[in-house]
Protein chains: 2
Amino acid sequence: MEDQDHRKAIAARLKEARRLSGLSQGQVAQQMNLHRPSVSEIEAGNRRVSAEELSHFAKIYDVSVAYLVGDAPDTLAVNDPRLQLAARELQKLSPDSLNKLLKALAALRAGDDEGAN
Amino acid sequence: MEDQDHRKAIAARLKEARRLSGLSQGQVAQQMNLHRPSVSEIEAGNRRVSAEELSHFAKIYDVSVAYLVGDAPDTLAVNDPRLQLAARELQKLSPDSLNKLLKALAALRAGDDEGAN
DNA sequence: ACCGATATGTAAGATTATCTTACATCCACA
DNA sequence: TGTGGATGTAAGATAATCTTACATATCGGT
């Protein structure tokens with residue numbers, strides 16, 4: 001595998017985060033419904049961590065999942081005033097309407113670039 | 001399993017994010033060194049997603065991992081991750097399409113205020 | 001409506017990863 | 001030195017994932 005490095009890096013942050021939280025592998029394993037050796041292997045980078053587990057780890061250690069996977073916390077810059085207006089409008093929509101809109105958006109965009117991308 | 005719901009939710013966001021990005025499962029599979037059926041099963045919530053994969057998905061779809069796992073978005077002007085997605089899509093629209101959309105939004109919102117809630 | 005092309009869902013055996021238990025090692029401290 | 005807690009690791013049992021193949025949509029053009 002190629003993202004072995006990435007995995008190792010995640011593993012290292014998980015281990016460090018656990019230590020900083022003052023928890024033992026056993027305590028963590030219990031909270032996560034895992035066996036202790038699994039936690040050990042995860043921290044060694046020998047086992048993958050599922051997305052759900054990652055989320056659970058983040059909660060237990062009180063860190064962000066973004067940190068655990070090595071991402072910088074991201075911010076979306078919406079600098080077009082018209083988009084800000086649109087965003088405000090979007091926030092007023094019901095979830096259901098938002099759903100419809102999101103689907104409509106894909107169609108609209110397809111019409112815009114016509115084959116590009 | 002207990003986090004089945006969490007998994008399904010992650011799967012749903014992955015699917016939605018892919019669609020908004022305009023990519024097919026096949027294209028995604030290729031970029032991630034996966035077979036297409038794996039992507040299909042992941043989006044159906046039948047397969048776990050590893051932390052590395054999650055990170056890769058986030059990069060391809062241009063969304064945050066925090067959004068994908070359902071965490072509260074980290075300090076954004078627009079606090080609904082789905083809106084961030086929509087906003088990004090809006091930026092890709094032509095001015096003309098954006099105009100139409102803004103008008104459509106008003107109509108949608110009018111519909112919301114009536115029966116629902 | 002029909003067609004071909006592309007996208008997606010799904011089945012089944014082969015393959016690989018993970019689990020579970022047990023034992024080994026390390027380290028702090030009395 | 002020796003005891004207890006924490007962690008690493010091995011090995012067979014178990015479970016998930018892969019890979020290939022086929023089935024079912026879905027969409028655009030005719």
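Just so we're on the same page: letters track the sequence lines, and every chain starts at 1.
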Q: Does any part of the side chain of A/Asp71, heavy atoms only, come nearer than 4.5 Å to the side chain of B/Ser64, both counted from C-beta?
A: no
Q: Tell me which pairs pass salt bridge (Lys or Arg N to Asp or Glu O under 4.0 Å) where either residue lies in residues 28-47 of chain A, with sequence neighbours left out.
A: A/Arg18-A/Glu43
Q: In chain order, what residues pass the salt bridge (charged side-chain N to carboxylate O under 4.0 Å, His left out) check against A/Arg48, with sequence neighbours excluded?
A: B/Glu53
Q: Rounded to whole Å, how long is the line connecting atom CD1 of B/Ile42 with atom P of D/dT19?
A: 13 Å
Q: Any ring pair (Phe, Tyr, Trp, His ring centres under 6.0 Å) pairs touching residues 20-60 of chain B, not counting sequence neighbours?
A: B/Phe57-B/Tyr61
Q: Could you state the atom-to-atom distance from CD of B/Glu53 to C1' of C/dA17 in whole Å?
A: 13 Å
Q: Can you tell me if the side-chain N/O atoms of B/Gln25 get under 4.0 Å from OP1 or OP2 in C/dG9?
A: yes
Q: Mind running a 4.0 Å heavy-atom check of residues 16-24 of chain A against DNA chain D and sending the residues that fall below it, in number order?
A: A/Arg18, A/Ser24
Q: Quick check for you: among C/dT18, D/dC18, D/dG8, whose closest atom lies nearest to any side-chain atom of B/Arg47?
A: D/dC18
Q: Could I get the full list of salt bridge (charged side-chain N to carboxylate O under 4.0 Å, His left out) partners for A/Arg13, not counting sequence neighbours?
A: none
Q: What does the inter-axis angle of the helix from C/dA1-D/dT30 to C/dA30-D/dT1 come out as, five pairs per end, nearest 10 degrees?
A: 40°
Q: Looking at every heavy atom in both B/Leu54 and A/Leu54, which two are closest together, and how far apart are they?
A: CD2-CD2, 4.0 Å
Q: When rounded to the nearest 0.5 angstrom, what is the spacing between OH in A/Tyr67 and CD1 in A/Ile10?
A: 11.5 Å
Q: Check DNA chain D against residues 34-41 of chain B and give the residues with a non-hydrogen atom under 4.0 Å, in numerical order.
A: B/Leu34, B/His35, B/Pro37, B/Ser38
Q: Testing the basics here: between B/Ala11 and B/Ala44, what is the closest heavy-atom pair and its distance to 0.1 Å?
A: CB-C, 4.3 Å
Q: In Å and rounded to the nearest 0.5 Å, what is the CZ to OG distance from A/Arg7 to B/Ser50?
A: 7.5 Å
Q: Could you go through nucleotides 25-30 of chain C and list every protein N or O atom that sits under 3.5 Å from one of its N or O atoms, giving the distance for each pair?
A:
none

Q: Closest nucleotide of DNA chain D for B/Asn46 versus for A/Gln27: which of these residues is on the 5' side?
A: A/Gln27
Q: List the residues meeting side-chain contact (heavy atoms from CB on, under 4.5 Å) with B/Gln31, not counting sequence neighbours, and say none if there are none.
A: B/Leu23, B/Ile60
Q: For residues A/Val69 and B/Ala51, report the shortest heavy-atom separation together with the two atoms involved.
A: CG1-O, 4.2 Å
Q: What is the distance from CE of A/Met32 to P of C/dT18, rounded to the nearest Å?
A: 14 Å
Q: OP1 or OP2 of D/dA6 sitting under 4.0 Å from any side-chain N/O of A/Lys15?
A: no
Q: If only side-chain N and O atoms of A/Arg48 are considered, is one of them under 4.0 Å from the OP1 or OP2 phosphate oxygen of C/dA17?
A: no
Q: So, for B/Ser55 and B/Val65, which heavy atoms are closest and what is the spacing to 0.1 Å?
A: CA-CG1, 3.9 Å
Q: Are any non-hydrogen side-chain atoms of A/Lys8 and A/Asn46 less than 4.5 angstrom apart?
A: yes
